[in-house]
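The structure under discussion appears below in the form of structure tokens.
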Amino acid sequence: MKRHELENELKKQVAAETPDVLDAILERCGEQPESICRTEDKAPKQAKRMWRPVLATAAAVAVIVAGSLGLHSYTVAHAVDTVVSLDVNPGVEIMANSAEKVLSISALDEEAGAALEGSALEGKTLEDAADEIVLILTEEGYITQEANSVLVTVNNADSAKAEDIEGRLIERIVAVLDSKGVEGSVLGQTVSGGRVEASTSTDISAGKAALVEKLAALSPELDAEELKNMPVSDLAVLAEVYAGEDGLKGVVRVGKASEDSYIGAEGAVNATGAELGINALDIVKAQTSVGVDEGKLVYKVDIETDVGHVFSIVDAVTGKILDAVADASGYTGNSGGSEAAGSESGEEYTQPPAVETPAVEETPYVSEGMEDAIEGEIKSGVEQILDKIGDTIKGLLP
Amino acid sequence: MPATTKIRPDAVNDPAQAELLIKRIAQGDRDALAELYSACRVSVYGFAMSILKEKTDAEDVLQEVFVRVWQSAPGYRAQGKPMAWLLTIARNLSNDAVRGRNRLSPLSEELPTEGGSERSDDRIVLDAAMSVLAKDERQIVMLHAVSGMRHREIAQILSMPLSTVLSKYSRATKKLQKEIRGGEAN
């Protein structure tokens with residue numbers, strides 16, 4: 001069902017369901033009151049802030065962590081003390097004892113299994129094993145300058161030990177990538193307080209699952225089911241976008257996720273303009289933010305011209321326009337840039353930080369009189385242009 | 001040619017006409033109230049449904065909105081946005097109803113979804129809107145699709161940046177399309 005069909009159908013269904021209560025209303029309407037009973041337009045109450053559940057979750061985690069610190073940690077030579085997940089797509093898990101000697105390696109997919117076949121890593125230290133795995137994955141082409149992200153997750157009951165191991169492994173991995181000429185982007189996180197055991201999932205490591213959970217908690221725009229199927233490099237980009245959020249405070253980032261695989265914010269604006277016939281010179285302001293749409297990393301593009309507003313979703317890799325919506329008349333108000341977006345009251349939504357793309361040149365081509373005409377919602381030439389954009393959008397979309 | 005032009009009830013489409021009706025209502029003209037009701041009842045009911053998700057409550061709000069309009073019309077100051085005024089009354093009453101409902105059963109954060117086993121093809125889009133969309137998304141979709149409001153008008157009514165409204169609208173309609181596709185596949 002196309003968008004306009006959906007709109008028409010919804011309107012039809014609501015109209016069919018709307019009861020007729022006019023008689024009841026008229027029965028209740030007597031003489032007009034002498035004293036004016038003015039209905040105040042109440043300002044919308046501040047929505048429940050998003051950080052409350054996040055803080056509650058953080059507090060719950062903190063309680064669990066604090067509880068775990070009180071427990072005796074015991075070590076047995078063959079007992080798993082630490083699990084390290086290395087996620088590159090493919091993913092690998094390393095099980096080690098309390099002396100940080102590798103007990104076993106688990107490949108989380110066929111590619112990892114094939115890449116690591118024949119490698120004898122048992123008995124090595126965690127750092128040496130991580131070195132070797134990253135080296136193999138780089139040589140096999142799984143880590144490249146374009147896909148340069150590695151996620152390291154250390155699971156140990158002792159949070160201090162987990163962080164210590166995490167720091168050493170990140171340092172070693174960065175050095176290995178550097179030696180292979182790759183400017184790596186390494187994300188590190190620790191998991192403590194839960195059971196230290198190998199991942200039970202066959203398709204996603206516990207480390208990637210933990211990062212997905214953190215990202216999904218940041219915004220309803222980020223769906224856990226979609227995120228878990230995305231490559232680590234995309235998740236690394238999202239982790240950068242949301243870096244300031246409390247929910248990602250425990251995630252260490254070293255290096256920068258490569259942008260070589262993506263079209264970039266400017267490319268997304270250009271792609272939108274090209275598809276919808278918006279002249280670059282007519283753009284007053286363009287903002288982009290990175291997000292996820294149907295399991296793909298996307299740019300959300302918000303273009304303001306003198307006569308209207310266009311929002312589009314652009315595939316970050318291919319530049320394909322996945323969706324576009326145009327405001328139906330000449331918008332001349334404040335679009336609420338990054339500042340407004342950050343302070344919006346919606347409890348179910350957190351807009352990722354927006355990046356403003358400077359307009360090529362501010363060249364308004366609508367006179368004040370024309371703006372008045374638009375404001376008056378008269379079918380002006382400008383509206384026709386917008387209608388054309390609307391038609392173009394509808395023609396493009398499924 | 002795609003259907004780009006929305007047909008909207010006159011009083012919704014023409015703020016000046018709606019304000020004239022409100023002026024007549026302020027003078028005690030019950031026919032004007034009936035006329036305004038006739039033009040706007042679907043918009044008001046749809047918007048109330050988007051917040052309440054429950055027919056009976058939405059019906060109560062629909063009734064109450066026009067009683068309030070009758071009572072408050074003498075104090076209405078024409079600003080060229082009568083629909084925004086009407087829908088703000090609807091939103092406030094709907095939010096009051098939600099709060100009242102929460103007081104009665106504080107644990108039921110989730111609003112009920114009507115339809116359930118009674119779902120039919122006649123309500124497929126409406127049911128989908130009620131079941132898969134978040135509250136903000138439902139409001140935006142209802143205001144745009146049912147009331148025919150422009151995105152910037154919705155942004156003002158819901159106190160959201162226009163870009164957020166556009167983004168949420170895009171996401172909401174995609175969710176609906178996906179839900180309906182899934183329903184058809186089953």
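Numbers restart at 1 for each chain; the letters A, B, ... are given by sequence-line order, proteins then strands. Reckoned from all heavy atoms, side chains included, excluding hydrogens, waters and symmetry mates.
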So which of A16(A), A15(A), P19(A), S312(A) has the largest heavy-atom pair count under 4.5 angstrom toward chain B?
P19(A)
Going through the checks in order, is the side-chain contact (heavy atoms from CB on, under 4.5 Å) test met by Q79(B) and W85(B)?
CA-CA 9 Å; Q79(B) 292 177 323; W85(B) 179 60; over 6 Å; no
What verdict does the side-chain contact (heavy atoms from CB on, under 4.5 Å) test give for L33(B) and V69(B), after you've listed the backbone C-alpha separation in whole Å, the side-chain angles of each residue and the deciding distance to 0.1 Å?
CA-CA 8 Å; L33(B) 182 67; V69(B) 166; 4.3 Å; yes
Have Q63(B) and E59(B) got a donor and an acceptor in their side chains that come within less than 3.5 Å?
no
Please flag which part of E294(A) lies under 4.5 Å from any non-hydrogen atom of chain B: side chain, backbone, both or neither.
side chain
Is chain B contacted by the side chain of D293(A), its backbone, both, or neither, given a heavy-atom distance below 4.5 Å?
side chain
At a 4.5 Å cut-off on heavy atoms, which part of Y37(B) comes close to chain A: side chain, backbone, both, or neither?
side chain
Just by modelled atom types, is the E137(B) backbone N or O under 3.5 Å from a matching donor or acceptor in the K168(B) side chain?
no
